Every structure is written in structure tokens, then in C-alpha cells.
Amino acid sequence: MPEVQSTEQRDIRIKKLKEFESRGINPYPHIYKPTDTSAGLAEKYKDLPNDTQVEDIVKVAGRIKAIRNSGMFIDLYDKDGKIQIFSSLEHLPAEQLDILSLLDIGDIIGVEGRVKRTKRGELSVVTEKLTVLSKALIPLPEKYHGLTDTEMKYRQRYVDMIVNDSTIQTFIKRSQIITSIRKTFLDKGFLEVETPILHPIKGGATARPFITHHNTLDMDLYLRVAPELYLKRLIVGGMDAVFEIGRVFRNEGMDTRHNPEFTILEAYWKYKDYYDMMDLFEDIVRNACLAVNGTLQIEFDGKKIDLEKPFARRSMDSLVKEYTGIDFLAIHSDEEAVKAAESIGVKVEGDQVWGQALVSVFEAKCEEHLIQPTHVMNHPVSDSPLTKIHREDNRLVERFETYINGWEMSNAYTELTNPLDQRARLEDQVRQAKAGNPEADTMVDEDFVTALEYGLAPTGGLGIGVDRLVMILTNSLSIRDVIAFPTLRLK
RNA sequence: GAGUGUGUAGCUCAGUCGGUAGAGCAUCUGACUUUUAAUCAGAGGGCCCUGGGUUCGAAUCCCAGCACGCUCACCA
């Protein structure tokens with residue numbers, strides 16, 4: 001509920017806020033400088049015996065999450081944990097007791113005092129001076145169950161983060177994963193670059209776009225569905241290794257694995273092919289996993305996943321053969337391919353039928369089995385307009401997608417560099433769009449083809465769905481658990 | 001887009017056969033210098049998601065809508 005409604009508890013807190021002001025206390029001061037954090041004190045005084053107090057004066061700050069015994073004990077939480085605040089009625093001056101009585105759960109305060117471990121063994125700061133840093137007007141959700149209402153978790157993520165520690169931990173890990181990814185690339189000599197989000201022509205992936213409008217240019221623009229075509233231009237221009245981590249936008253369905261805007265990682269590496277990109281992907285995943293889990297043996301939704309062993313490398317046709325018995329490489333006509341697919345109950349749509357049949361059967365019969373990391377290699381040409389033809393079979397391309405937990409985690413190519421071939425394949429996309437495929441590109445990006453005509457060296461490319469990687473590495477079952485502010489309907 | 005579930009106090013949830021609103025936490029008042037979800041006594045707090053309908057009477061049954069979840073479809 002974005003509109004603030006007047007409630008009994010809020011009215012009472014506003015009254016307390018006014019009471020602070022009438023005593024000359026600003027409940028929203030400009031600055032406060034704590035000297036210590038909860039974790040810092042825990043470490044520094046870990047050997048302090050029970051019922052002992054030291055003379056050092058410290059200043060801590062944080063949010064009140066619990067008040068016990070009429071204010072005698074306060075649980076104060078800062079970024080890395082809890083510190084108890086002990087306020088003795090006998091030793092506190094009257095004006096400090098007045099402040100104490102106006103505090104509520106949810107308020108942010110600073111506390112100055114001496115460190116003590118109580119009789120019960122809880123490390124505490126013995127209050128000498130209380131400072132209100134921010135008076136909270138809305139009460140926090142219940143302490144025991146936390147916040148469980150999914151809608152409120154997503155609409156008011158800050159509340160979810162305050163109350164549910166696992167929520168903020170997931171977003172901390174997300175940040176650490178992205179830092180790790182960036183470090184892996186920088187260590188290999190990559191340049192981090194930025195390319196346009198507003199695209200005059202849709203391209204780089206088959207997906208439905210969002211369309212917006214620029215007023216001054218009086219021109220429609222697409223929010224990018226992929227940064228691919230611009231990153232390759234940078235390779236043409238002379239960069240040898242580039243990567244970009246950024247948001248892309250696809251106007252498609254939403255579920256536990258899809259959000260309309262999501263974070264993609266794309267990298268292009270000169271004088272590399274798709275085998276090199278497999279190694280690169282594995283490095284990225286292992287480094288990121290170690291950064292947040294400290295191990296490469298992880299568990300997702302109760303399933304054990306081994307990220308340590310070299311990922312399996314399997315051609316799509318061999319997986320189809322393993323799980324269905326159908327050998328697509330031995331099938332040479334479209335009719336036969338469709339018949340083979342239909343014989344196991346897989347419907348084939350589209351007109352590039354041999355390739356469509358192979359992909360459809362793979363998606364229907366194989367994907368779900370790929371729990372352990374698997375590079376699925378050698379897709380049919382029809383599916384992959386930006387990929388170089390396989391060096392040994394001209395029906396296939398040098399492409400792989402890495403599956404973990406049955407999900408597509410990466411998509412990588414030996415990049416297509418032949419400008420004439422590229423133009424023909426993009427023109428085929430336009431033909432498909434005119435035939436009614438809403439995901440195909442509606443016009444050829446002529447400047448991209450021109451760039452290839454200036455010469456693109458042999459290059460490997462890799463794309464990673466960062467949100468899904470974060471899901472796997474944090475055991476998060478919904479993409480909305482790893483995107484702080486997922487797309488929701490306006491309420 | 002289809003199916004399905006949920007929506008009740010600030011939060012977490014009960015609410016029987018349709019009979020007019022309940023608990024715990026939180027809040028307020030008081031007690032207790034004690035704590036670890038502190039405890040004890042008392043009090044206040046409700047657009048039962050919205051709009052229709054059936055009925056003497058609807059949180060409850062019916063219809064429509066809204067939001068969110070799940071499954072499916074779609075989906076680099």
C-alpha cells in the first residue's frame with residue numbers, strides 16, 4: 001500500500017516524534033559517527049567474561065528490533081549483526097530515560113557507552129547517551145514469523161530486507177557474485193564496456209521487444225534485447241576482449257525464471273572459439289560459487305549439483321539420441337524429421353523443419369534431465385543467425401548452451417564473421433518476421449553487416465543469464481528472490 | 001493467455017452448519033531491575049480486497065472484477 005494510511009500505531013509514533021521535537025531533540029539528525037559495529041565488538045571482546053564491564057567508551061548505531069523488560073534491554077541490529085543495549089534505570093540521567101521511553105521497535109538510534117558482558121553472557125553496550133537517528137513511524141512486521149506476504153515482500157522490499165535476514169543475505173551474495181564475475185574478466189585482460197540500451201533496430205536475439213519513443217528525433221526506439229551487435233563492433237574496432245554486464249528487456253511472459261528486465265552478461269574474445277568459451281564459462285561459475293559458498297558442491301532445491309568436475313560436453317543430437325533413440329544426424333529430409341518427432345509426441349512448428357524438429361525434441365525430452373552442468377553443443381543452423389557454421393557439419397552451428405538444474409544458463413558461439421553469410425541469415429530473419437514470427441528481426445542492421453565487411457577476426461562470444469546464475473548459487477527458487485525490485489502490476 | 005489457490009487488526013493466522021469478529025506478536029496502561037520470541041494483569045485497534053446477487057440475515061453461498069502465488073502455455 002504505497003499511500004500512507006493513518007493507523008493507531010502510526011499516530012502514537014507521530015506523537016512521540018513531536019515530543020522529541022518539543023524537547024529540542026531532532027529525531028532526524030544530520031550525522032552520527034559510530035566507532036564500532038556489532039561484529040567488530042563481538043570479535044574484540046570475545047574473551048570478555050560474563051558479568052564484566054570494561055572502561056572503553058564505544059558508539060554503535062543500528063535499528064531497534066526488540067525491546068525487553070520495559071526498555072532495559074534493546075536488540076540493536078547493524079549491517080553485520082546484533083548488539084544488545086543495556087539501560088539501567090538507576091544509572092541513567094532523567095533526560096536519557098525520557099528518550100528511552102519514546103523509542104519504538106524499528107527506530108534507528110546511536111548508543112554511546114561502555115562494553116559489558118551480562119550475567120547471561122550477552123555482549124552489551126551499557127547506555128550512557130542515546131541519540132535518535134531516525135524515528136520510524138510504521139511498525140515492523142511481527143518478529144517471529146517475519147514478513148511472508150509475497151506481494152508485500154516484492155512491493156516493499158525494504159521491509160522484507162529489514163525483517164528477513166535471508167533476503168538481505170541473498171542480495172549481498174548477488175553483489176558478491178557480480179563482483180567476482182567482473183574480477184574474473186579483468187584478471188584475463190578484458191575491458192568492461194557500455195553499449196546503447198536504446199536501439200534504433202532490434203537485433204542480437206530472437207525476442208519480442210519493448211518499444212519507446214524519442215520526442216526530439218520523433219523516432220521509435222527499442223529497449224535492447226541483447227547487446228551483442230554493438231559488442232562485436234568493438235571487436236571489429238580493435239578491442240581484443242570485451243564484456244558488458246547490463247539490463248536487457250524482453251516483452252514476454254513472466255514466471256519463476258523470467259522477468260521482463262533482467263541482467264545479462266555478454267563477452268567477446270578475439271582469436272577464441274566456442275570451446276574456449278566453455279572454459280571461460282566454467283571459470284566464471286566456479287569463481288563466483290567459491291566467492292559466496294566457499295565450495296563447489298552446492299545444493300539447489302534439494303538437488304546436489306557438482307560445479308567442480310569439468311562440465312559435460314554433449315552435442316544436442318547425441319542427447320536426443322540418448323533420451324529418445326532418434327538419430328537426427330541420420331535423418332536427411334524435413335518430412336522424416338517431423339515424422340520422427342511426432343512419433344514420440346512432439347509437435348513441430350515453423351518452416352525450418354529439420355532444425356525445428358531437433359530443437360523441439362531436445363526441449364521436450366532432454367532439458368529436464370540436465371541437472372548437472374552440461375554444455376549442449378551444435379544447434380541447427382536455422383536457430384542461430386549469428387553463429388558460424390560447424391566446421392564438420394553444415395547443418396549445424398558452433399554454438400553451445402550450458403544447462404544447470406535443467407535451466408539454460410549460458411549461450412555461446414564461435415561468432416559468425418563472414419559478412420555475406422551474415423547478411424543472408426539476417427535477411428532470412430526478416431523473411432520469418434514477415435511470415436508472422438513476432439520474435440524475428442524486422443529489418444537488417446545494415447551497419448552491423450558493414451562492420452563485418454571491414455573484417456571481424458575469428459571471435460568467441462558468451463552470454464550468461466546473471467539472475468539465473470545468482471538463483472543457482474543462492475538456492476533461490478524464484479527469479480523474484482534475486483531481483484530486488486521485480487516487475488509488478490501497478491496496484 | 002488458460003487453469004488453480006490465496007486475500008480477515010500494523011504483522012502471522014483462526015473463523016465450524018449462513019446468525020453479526022477471534023488468537024499470538026505489535027500498540028497503550030500498570031506491575032516486575034528481571035532479558036533472549038522476557039513474564040504477569042488489563043485496554044484499545046476491523047472497508048473481513050472491490051462491486052453486484054441470493055437470503056429475514058453473508059467474512060462464510062453465487063456472479064463479476066482487482067492484486068499476488070503456483071502450474072501450464074509463450075519465452076534468449
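Chain A is the first sequence line, chain B the second, and so forth, proteins listed ahead of strands; every chain is numbered from 1. Note that this is a predicted model, so its numbers are computed, not measured. Atom set for the values below is all heavy atoms of this structure, side chains included, hydrogens, waters and symmetry mates excluded.
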OP1 or OP2 of B/U12 under 4.0 Å from side-chain N/O of A/Thr148: yes
Sugar-phosphate only, base, or nothing, as touched by A/Glu142 at under 4.0 Å among non-hydrogen atoms: base
Nearest-neighbour nucleotide for the A/Gln84 side chain, B/U71, B/C25, B/U36 considered: B/U36
Gap in Å between the two C1' atoms, one belonging to B/G53 and one to B/G57, rounded: 15 Å
Between B/C11 and B/A26 - P atom distance, rounded Å: 15 Å
Residue whose closest nucleotide on RNA chain B lies nearer the 5' end, A/Glu401 versus A/Arg489: A/Arg489
Whole-angstrom distance between B/G18 and B/U55, as gauged at atom C1': 9 Å
Of residues 480-488 of chain A, the positions that come close to RNA chain B - non-hydrogen atoms, cut-off under 4.0 Å: A/Arg480, A/Leu488
Out of B/A38, B/G45, B/C74, whichever nucleotide has its closest atom nearest the side chain of A/Glu8: B/G45
Pairing nucleotide - B/U55, Watson-Crick or G-U, each distance under 3.5 Å: none
C1' gap between B/G10 and B/C66, integer Å: 23 Å
Distance test, side-chain N/O of A/Arg155 to OP1/OP2 of B/C68, below 4.0 Å: yes
Result of checking A/Thr387, A/Asn378, A/Asn411, A/Thr414 against A/Arg399 for side-chain hydrogen bond (donor to acceptor under 3.5 Å, both in side chains): A/Asn411
Sugar-phosphate only, base, or nothing, as touched by A/Lys16 at under 4.0 Å among non-hydrogen atoms: sugar-phosphate
Atom pair CZ/CG of A/Arg480 and A/Asp255 - distance to nearest 0.5 Å: 7.5 Å
Nucleotide forming a Watson-Crick or wobble pair with B/C47, both distances under 3.5 Å: none
Separation of the P atoms in B/A73 and B/G19, to the nearest angstrom: 43 Å
CZ on A/Phe485 to CZ on A/Arg155, rounded to 0.5 Å: 13.5 Å
Donor + acceptor pair across side chains of A/Asp78, A/Thr37 (<3.5 Å): no
B/C74 and B/A59, which share atom name C1', separated by this distance in whole Å: 38 Å
Per A/Pro141 side chain, nearest of listed nucleotides B/C11, B/A67, B/G69: B/C11
From CG (A/Asp160) to OG1 (A/Thr167), nearest 0.5 Å: 3.5 Å
Closest to side chain of A/Arg68, choosing from B/G69, B/U34, B/U35: B/U35
Pairing partner of B/U34 (Watson-Crick or G-U wobble, both distances under 3.5 Å): none
Sugar-phosphate only, base, or nothing, as touched by A/Phe86 at under 4.0 Å among non-hydrogen atoms: nothing
Touch class at under 4.0 angstrom, heavy-atom based, for A/Asp255 against every strand present: base
Residues A/Arg174, A/Thr263; criterion side chain to side chain donor-acceptor pair (under 3.5 Å); working and verdict: CA-CA 11 Å; A/Arg174 181 183 174 111; A/Thr263 300; 3.2 Å; yes
Out of B/U34, B/G69, B/C11, whichever nucleotide has its closest atom nearest the side chain of A/Lys119: B/U34
C1' gap between B/A41 and B/C47, integer Å: 33 Å
Earlier contact from the 5' end, RNA chain B, for A/Met254 and A/Leu477: A/Leu477
A/Glu19/A/Arg23 ion pair, N-O < 4.0 Å: yes
Any-strand Watson-Crick or G-U partner of B/G69, both distances under 3.5 Å: B/U4
Which nucleotide in B/U36, B/C11, B/A37 has an atom nearest any side-chain atom of A/Lys143: B/A37
Nucleotide nearest A/Pro139 when distance is taken to its side chain, options B/A26, B/U34, B/U71: B/A26
From B/C28, B/A37, B/U34, nucleotide with atom closest to A/Tyr144 side chain: B/A37
Listed nucleotide nearest any side-chain atom of A/Arg120, set B/U27, B/G1, B/U34: B/U34
Cut-off 3.5 Å, no hydrogens considered: what does the side-chain donor-acceptor table look like for residues 435-445 of chain A, sequence neighbours left out?
| unit_1 | atom_1 | unit_2 | atom_2 | d |
| --- | --- | --- | --- | --- |
| A/Asn437 | OD1 | A/Glu439 | N | 2.9 |
| A/Asn437 | ND2 | A/Gln432 | OE1 | 3.3 |
| A/Asp441 | OD1 | A/Lys202 | NZ | 2.8 |
| A/Asp445 | OD1 | A/Arg233 | NH2 | 3.1 |
| A/Asp445 | OD1 | A/Asp447 | N | 3.3 |
| A/Asp445 | OD1 | A/Phe448 | N | 3.2 |
| A/Asp445 | OD2 | A/Arg233 | NH2 | 3.2 |

Salt-bridge criterion met for A/Glu228 and A/Lys232 (N-O under 4.0 Å): yes
Candidate nucleotides B/U35, B/A26, B/U12, ranked by approach to the side chain of A/Gln9 - the nearest: B/A26
Sugar-phosphate, base or nothing in reach of A/Gly146, heavy atoms under 4.0 Å: sugar-phosphate
Sugar-phosphate only, base, or nothing, as touched by A/Leu140 at under 4.0 Å among non-hydrogen atoms: nothing
Sugar-phosphate only, base, or nothing, as touched by A/Thr118 at under 4.0 Å among non-hydrogen atoms: base
Sub-6.0 Å ring centroid separation between A/Phe243 and A/Trp269: no
Aromatic ring proximity A/Phe73/A/Phe86, centre distance under 6.0 Å: yes
Centroid-centroid under 6.0 Å between A/Phe328 and A/Phe362 rings: no
Pairwise C1' distance, B/A2 and B/C49 [rounded to whole Å]: 23 Å
Sugar-phosphate only, base, or nothing, as touched by A/Ser87 at under 4.0 Å among non-hydrogen atoms: nothing
For nucleotides 5-8 of chain B, which of its nitrogen or oxygen atoms have a protein nitrogen or oxygen under 3.5 Å away, and what is each distance?
none

